[in-house]
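Report on the structure given below.
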Amino acid sequence: MVSDKDTVYGIIRETIRQIPRGKVSTYGEIAKFSGFIGRARMVGYALRNSPTGMKLPWHRVVNSQGKISFRRSRHHAMQKTLLVKEGVTFKGEKINLAKHRWRP
DNA sequence: CTGGTGACCATTA
DNA sequence: TTAATGGCCACCA
């Protein structure tokens with residue numbers, strides 16, 4: 001069955017799916033582009049609930065500071081690796097958002 | 001219902 | 001630069 005919330009998460013995932021290779025976006029921006037201003041946390045929640053089979057470019061979503069939102073974990077290391085492999089440049093722990101920020 | 005938690009954010013100190 | 005704070009809201013005990 002399909003509820004309104006499923007739709008909300010679906011829209012968020014659709015937006016994330018549009019992020020091209022080598023580009024990144026932030027939780028707040030994704031929420032905004034999806035029509036949910038101020039609901040950045042919902043983006044994180046939607047991703048957390050998305051199984052790997054969803055094949056979303058989850059690694060292209062970082063926080064507003066250009067940093068990875070995971071604390072020490074495999075995900076943190078993997079995300080950075082995947083991004084670097086796509087050509088995203090890091091300045092220490094931060095991504096150069098001015099250069100890689102994506103907009104729809 | 002209440003309170004705690006969280007892949008967040010902007011502001012303030 | 002890091003921390004604390006208040007705001008946001010779905011989910012869970």
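Sequence lines set the chain letters: A, B, ... in the order given, protein chains first and strands last, and positions in each chain run from 1.
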OP1 or OP2 of [N] less than 4.0 angstrom from a side-chain nitrogen or oxygen of [X], does that happen here?
{"X": "Lys94(A)", "N": "dT1(C)", "answer": "yes"}
{"X": "Arg39(A)", "N": "dC8(C)", "answer": "no"}
{"X": "Ser64(A)", "N": "dC9(B)", "answer": "yes"}

Over how many whole Å does the gap from [X] atom [atom1] to [N] atom [atom2] extend?
{"X": "Ile12(A)", "N": "dA7(B)", "atom1": "CD1", "atom2": "P", "value": "15 Å"}
{"X": "Asn63(A)", "N": "dT2(C)", "atom1": "CG", "atom2": "C1'", "value": "14 Å"}
{"X": "Arg48(A)", "N": "dC8(B)", "atom1": "CZ", "atom2": "P", "value": "11 Å"}
{"X": "His59(A)", "N": "dA7(B)", "atom1": "NE2", "atom2": "C1'", "value": "14 Å"}
{"X": "Leu56(A)", "N": "dA7(B)", "atom1": "CG", "atom2": "P", "value": "17 Å"}
{"X": "Arg41(A)", "N": "dC8(B)", "atom1": "CZ", "atom2": "C1'", "value": "6 Å"}
{"X": "Lys32(A)", "N": "dC8(C)", "atom1": "NZ", "atom2": "C1'", "value": "16 Å"}
{"X": "Arg101(A)", "N": "dC9(B)", "atom1": "CZ", "atom2": "C1'", "value": "13 Å"}

Please tell me which of Asn49(A) and Gln65(A) maps to the more 5' nucleotide of DNA chain C, matching each residue to the nucleotide holding its nearest heavy atom. Gln65(A)
Closest-nucleotide 5' rank along DNA chain C - winner of Lys67(A) and Tyr9(A):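 The 5'-side residue here is Lys67(A).
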Can you tell which of Leu47(A), Val43(A), Ile11(A) makes a side-chain contact (heavy atoms from CB on, under 4.5 Å) with Ile30(A)? Val43(A)
For Arg13(A) and Ala46(A), work out which heavy atoms get closest and say how close.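 It is NH1-O, 4.0 Å.
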Is there a side-chain contact between [X] and [Y] in this structure, where contact means two heavy atoms from C-beta onward sitting under 4.5 Å apart?
{"X": "Lys23(A)", "Y": "Gln18(A)", "value": "no"}
{"X": "Ile12(A)", "Y": "Met42(A)", "value": "yes"}
{"X": "Ile19(A)", "Y": "Val61(A)", "value": "yes"}

Please tell me which of Gly28(A) and Tyr45(A) maps to the more 5' nucleotide of DNA chain B, matching each residue to the nucleotide holding its nearest heavy atom.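 With Gly28(A) and Tyr45(A) compared, the 5'-side residue is Tyr45(A).
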